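For clarity, every value in this text was computed on a predicted model and none was experimentally measured.
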Amino acid sequence: MKIDMHSHFFPRIDRREAAQLCPQRAPWLHTEGRSGQIMVGEKAFRPVDDVLWDSSRRTDYLDEQGVDVQVMCATPVMFGYEQPIARALPWAQRMNDRAIEMTVLAPKRLKVLAQVPLQDLDAACREASRAKACGHVGVQIGNHVGTLDLDHDDLVAFLTHCANEDIPVLVHPWDMMGRERMKKWMLPWLVAMPAETQLGILSLILSGAFEKLPSNLRLCFAHGGGSFAFLLGRVDNAWRHRDIVREDCPQLPSSYVKRFYVDSAVFDPRALQLLVDVMGADRVMLGSDAPFPLGEQDIGAGVLGHASLVDTDKQRICAHNARVFFGI
């Protein structure tokens, strides 16, 4: 069985509907037949095809890929965190209702994560609970809101709400750092995006936030946790030898790896082996980042074709862990 727990959708939003969020900068979808372009205001953001918005085409795609269940979440440009809550909350509600519509054709195969207006704690908590009641299997959030990282009191409070309400959380990097120095070759996605994910994880570990968060929180970081696994030894070394690193973090940083999950989207067998060695096979879930070009083109091949992983670990990564994480 294959459960792909990290994929994206973008509903068929025209510019007029998007203007209700922001006339100048809201994302919308321009389509021509089976091809399309995600737009941000007047600017082209990303070329896409109909697998992104058409649930019939999505199920055909799952058949082609041999995927049994796929969990879809908003394309992060849809978050709207920078907008006033009076616009951002109705936008999130509308997008979440559109997401549920994507599942109607095949509710046992297509599952969705909600987005929330994370810039407002109360509104985010209310929408997360509403979305769960409507059929979402969890929420997806960005790894920061402006300058606020995941260790901020409001974001810790939101994660606590999700733990108390039994709502799984996927953290996705977005709005990447250092864009002024990364103007070509998709460097924000290749350099800053993994760094953003590591920053999100370390902000929870080194701040002591995991000491405050309920142990039953189901939390996953996308893209294999970014650069976290490769650089964890550096973090442990710093914790051992610099008191400023230990100031708010009472335990060795590597001891917190059992507090969260990561997906398998690392695209290299050596990287996947390291990820499993660091996190454990029970903390890695199949995630493709489909249907984008930077995602896995043959979903699950990196796990199922791995020469060193044993079959039981492959089964955990490909389906079992996601079934436990999402309760599906």
For Gln115 and Met78, indicate whether the former's side chain and the latter's backbone hold a donor-acceptor pair under 3.5 Å.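 Answer holds: yes.
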
Salt-bridge criterion met for [X] and [Y] (N-O under 4.0 Å):
| X | Y | result |
| --- | --- | --- |
| Asp14 | Arg16 | no |
| Asp97 | Arg130 | yes |
| Asp54 | Arg34 | no |
| Arg316 | Asp282 | no |
| Arg98 | Glu17 | yes |

Side chains of Val276 and Leu309, heavy atoms from C-beta outward: is any pair under 4.5 Å?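 Yes; the side chains approach each other to less than 4.5 Å.
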
Would you check if Trp174 and Phe79 make a side-chain contact, meaning some heavy-atom pair closer than 4.5 Å?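 Counting from C-beta outward, Trp174 and Phe79 do come under 4.5 Å.
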
Kindly determine whether Val77 and Phe10 satisfy side-chain contact (heavy atoms from CB on, under 4.5 Å), including the steps that lead there. CA-CA 10 Å; Val77 72; Phe10 194 107; 4.1 Å; yes

Could you tell me how the ring of Tyr261 sits relative to the ring of Phe325: parallel (under 30°), tilted (30 to 60°) or perpendicular (over 60°)?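 Geometry flag for Phe325 against Tyr261: perpendicular rings.
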
Whether Arg46 engages the ring of Phe292 as a cation-pi pair (distance to the six-membered ring centre under 6.0 angstrom, angle to the ring normal within 45°) should be assessed.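 Yes - Arg46 lies over the ring of Phe292, closer than 6.0 Å to its centre and within 45° of its axis.
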
Salt bridge (charged side-chain N to carboxylate O under 4.0 Å, His left out) partner of Arg109, the single match among Asp68, Asp60, Asp63, Asp4: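 Among Asp68, Asp60, Asp63, Asp4, the one that satisfies the salt bridge (charged side-chain N to carboxylate O under 4.0 Å, His left out) with Arg109 is Asp63.
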
Minimum heavy-atom separation for Ser207 and Asp151, please, with both atom names.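 Closest approach of Ser207 to Asp151, heavy atoms only: OG-CB, 3.3 Å.
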
